[in-house]
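Structure first, then comments.
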Amino acid sequence: MDVRLSFHNVPLLVLSTLAALSGTWRPVTAGKSCSDTRQVYAEKGYSTNTAPLTQISGEHLRLCPQDYTCCSSQMEETLSLQSERDYLKAIEDTSQFLSTTFTQRHRKFDEFFKEIIDLSEKSMNQMFTKTYGRLFTQNVRVFQELFAELRKYYSGGSVSLTEVLSDFWSSLVELVFSLVNPQYQFSDDYLECVSKHAEQLQPFGDMPRKLRVQVSRAFIAARALSQGLATGRDIVNKATKLSAGSECVRALMRQWYCPLCRGVPTLRPCHGLCLNVMKGCLANQADLDTEWNNFVDALYQVSEKLEGPFNMELASESISVKVSEAIMHMQENSVSISTKVFQGCGSPRPAPARTKRSPKEPGGNRKPFRTYSPEEKPTTATGTNLDRLVTELKERLWPMRGFWLYLPEVTGDGLVSQINNPEVEVDIARPDVRTRQLIGELRVAANKLRHAQAGQDTDFMDSEEGSGSGGGDRGDRYNDDWPGYGPHSPPHNKPPNNPSSSNPAKPPRVRERNGAKWNKNNGHGRAKSASSQLTISPLPVLYLMVAVSPLWS
């Protein structure tokens with residue numbers, strides 16, 4: 001039997017069959033009491049002044065069948081407006097979990113990422129002040145600028161992490177070179193020459209490269225996730241701010257309130273009718289499905305990287321530790337490094353003769369540079385941790401796949417399929433401009449997230465040629481800096497139906513151009529939901545829309 005039914009020209013036998021299933025339908029005849037209709041209409045808060053006492057001829061009706069009816073023209077108009085309000089309220093209620101999830105998760109991750117940046121700077125200040133005293137406090141500006149730029153990058157500023165770290169190491173090498181050679185006086189030009197030789201001399205050993213790889217890929221992933229959650233929130237809010245067209249309202253009225261006008265308020269519409277009405281009214285939203293699923297998948301995969309090799313907490317902790325190790329390396333090799341610098345930049349001028357310094361003066365009785373024990377390393381943000389945040393996010397993300405998809409296929413999903421919809425007349429020749437824009441936004445967001453999984457920032461890929469803000473060597477992806485995530489580590493557990501994804505191969509490392517200051521001057525099919533195994537079990541929007549159809553009992 002054709003399940004695509006409406007209340008237009010439906011044979012009496014069919015309606016009798018439906019009524020028998022509901023146990024409430026009675027044949028419509030002139031003069032029959034409208035007491036049930038009047039009671040339900042009054043319970044909705046409307047005046048029954050215009051409501052007929054008994055059924056009357058329905059030639060005046062515009063939306064419902066012009067049969068004997070219990071509705072006046074005013075009642076039909078009132079109920080059509082009510083059907084539109086019910087529809088829009090159902091859309092809002094159904095999508096509330098999406099909007100709430102993205103809003104709350106974005107706020108939690110944003111607060112957390114900002115807090116661990118603050119803690120990383122605070123920890124460095126405490127560690128370096130304790131060890132280096134005034135040598136550090138007098139030159140703290142170099143470190144403050146580093147963290148200011150990291151915050152600017154995370155917050156969405158147009159900042160290249162490669163340039164930020166390059167500038168930091170250039171400033172630091174000039175500072176430390178002066179400190180390990182106090183017997184000389186260095187001009188700004190001479191220190192500039194020192195920094196130009198830094199790439200060849202590698203005064204800090206391998207620490208700049210290691211720190212760049214760790215910090216870049218972690219900050220890229222953190223920023224991409226935060227921005228992606230904000231995008232998801234905005235997409236949901238835009239996609240669910242709807243207005244029902246005249247044909248949609250007509251269909252909603254037939255689905256929900258025409259039985260009330262016929263004097264049988266407890267008669268429920270058949271499932272096929274409900275599906276076709278919603279498929280027609282939400283045709284443009286259904287077209288979001290493919291790009292929406294790609295976007296959710298990308299968010300999920302980036303969140304997995306953050307709890308693994310791109311861990312933001314570990315990267316933030318590594319800043320002070322690796323900077324300390326870098327300074328120690330330069331101090332231990334200061335004689336050979338200084339000799340090579342003197343050969344390349346010339347002999348510096350001796351510093352003016354000074355009297356013997358008191359141990360309390362800067363540089364006096366200087367403590368040796370050293371690395372730090374685990375208990376001195378920065379602590380994680382109080383009150384939560386990254387693993388917990390990611391786990392909670394993944395539990396909410398995965399059931400979102402297929403949210404815009406309609407379950408049983410009566411009329412097909414999407415705008416084009418509505419040419420065959422018997423319930424809602426949809427102009428398929430005029431795609432909704434806003435929906436097309438949202439599809440584009442989802443595509444851009446998913447692309448950013450996919451590149452973030454490879455440690456690449458799409459804002460700087462062209463200028464930095466792949467090594468950019470976290471490109472790095474192929475071997476940098478999983479090295480011994482990240483315990484438990486080496487090349488032979490077991491794969492992460494995937495939720496059911498998670499499409500298998502392999503880590504995209506990174507391009508070969510391109511040697512930074514111009515040598516000096518590390519580029520300092522370079523130009524700036526659908527899958528079923530796994531909700532049954534997860535905490536939250538949202539259903540596709542149409543299914544919930546049908547489920548919240550008004551009850552007239």
Side-chain angles (χ1 to χ4, degrees), residues 83-114 155-156 222-245 248-249 252 278-300 302-303 389 392-406 413-415 431-449 452 529 531 536-548:
S83 67
E84 181 176 9
R85 287 193 294 269
D86 290 342
Y87 163 73
L88 297 178
K89 181 64 164 56
I91 289 289
E92 180 183 352
D93 291 345
T94 303
S95 61
Q96 187 61 45
F97 117 88
L98 285 182
S99 178
T100 300
T101 293
F102 281 113
T103 299
Q104 292 181 346
R105 294 301 106 186
H106 173 263
R107 185 183 71 251
K108 285 181 177 294
F109 273 98
D110 186 56
E111 291 175 351
F112 180 77
F113 289 146
K114 289 178 178 177
S155 299
R223 184 170 86 158
L225 181 68
S226 179
Q227 292 177 344
L229 292 172
T231 297
R233 174 200 62 203
D234 296 341
I235 292 290
V236 171
N237 290 339
K238 292 175 185 176
T240 54
K241 282 186 170 47
L242 307 175
S243 60
C248 177
V249 171
L252 291 169
M278 293 306 161
K279 285 173 184 285
C281 289
L282 298 172
N284 287 292
Q285 282 66 38
D287 284 340
L288 292 172
D289 184 65
T290 298
E291 291 302 331
W292 175 261
N293 289 343
N294 291 338
F295 168 69
V296 171
D297 290 346
L299 272 176
Y300 191 99
V302 166
S303 67
L389 286 177
E392 292 172 351
L393 174 63
K394 292 197 300 183
E395 288 179 349
R396 288 161 174 79
L397 276 179
W398 199 248
M400 292 181 183
R401 299 187 85 258
F403 181 80
W404 308 102
L405 181 65
Y406 309 145
D413 293 308
L415 181 63
D432 182 63
V433 174
R434 184 174 62 175
T435 300
R436 304 303 113 180
Q437 291 173 340
L438 295 182
I439 290 174
E441 290 178 28
L442 285 170
R443 190 172 293 140
V444 169
N447 184 58
K448 272 194 168 186
L449 289 163
S529 170
S531 59
I536 296 179
S537 303
L539 294 173
V541 62
L542 177 61
Y543 185 88
L544 292 179
M545 283 291 296
V546 174
V548 296

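- From L389, atom CG reaches atom CZ of F109 across 5.0 Å, with rounding to the nearest 0.5 Å.
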Under the side chain to side chain contact (heavy atoms under 4.5 Å, CB included) criterion, do L393 and L299 qualify, and how do the steps go? CA-CA 9 Å; L393 174 63; L299 272 176; 5.9 Å; no
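- The minimum heavy-atom distance linking A446 with A298 is given by the pair O-CB, 4.0 Å.
- Side chain of W292 to backbone of D287: no donor-acceptor contact under 3.5 angstrom is found.
- When all heavy atoms are compared, the tightest approach of C281 to L252 is SG-CG, 4.3 Å.
- Between L442 atom CG and Q437 atom CD the span is 12.0 Å, to the nearest 0.5 Å.
- Going from atom CD1 of I439 over to atom CG of D289 covers 10.0 Å, rounded to the nearest 0.5 Å.
- Counting only heavy atoms from C-beta outward, the side chains of R443 and N294 never approach each other to under 4.5 Å.
- Counting all heavy atoms, side chain and backbone alike, L449 lies closest to A224 at CD2-O, 3.4 Å.
- Here the shortest heavy-atom pairing between K394 and S303 reads CG-OG, 3.5 Å.
- When side chains are defined from C-beta on, K108 does not count as touching T103, because their heavy atoms never get closer than 4.5 Å.
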Pairs of donor and acceptor atoms involving the side chains of residues 229-239, under 3.5 Å and at least two apart or interchain, shall be tabulated with distances.
from : atom 1 : to   : atom 2 : distance (Å)
T231 : OG1    : Q227 : O      : 3.0
N237 : OD1    : S99  : OG     : 3.1
N237 : ND2    : R233 : O      : 3.3
K238 : NZ     : E441 : OE1    : 3.4
K238 : NZ     : E441 : OE2    : 3.3

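- Distance check: E111 CD to H106 NE2 gives 10.0 Å after rounding to the nearest 0.5 Å.
- Across L288 and L438, no two heavy atoms sit closer than the pair CD2-CB, 3.9 Å.
- Contact check for F102 versus M400: side-chain heavy atoms found under the 4.5 Å cut-off.
- A distance of 8.5 Å separates CG in L98 from OG1 in T240, rounded to the nearest 0.5 Å.
- Cation-pi geometry between R396 and W398 is not satisfied (NZ or CZ under 6.0 Å from the ring centre, within 45° of the ring normal).
- Contact check on E392 versus R105 returns a salt bridge, with a Lys/Arg side-chain nitrogen under 4.0 Å from an Asp/Glu carboxylate oxygen.
- With hydrogens and angles ignored, the 3.5 Å screen pairs no side-chain donor or acceptor of N293 with any backbone N or O of R401.
- The CZ atom of R223 lies 12.5 Å from the CZ atom of F113; values are rounded to the nearest 0.5 Å.
- Closest non-hydrogen pair, S155 versus K114, comes out as OG-CE, 4.5 Å.
- Under the 3.5 Å distance criterion, with hydrogens and angles disregarded, a donor-acceptor pair is assigned to the side chains of Q96 and T100.
- Considering only heavy atoms from C-beta on, N447 stays 4.5 Å or farther from F295 through its side chain.
- F97 and F403 have tilted rings, their planes meeting at an angle from 30° to 60° on a 0 to 90° scale.
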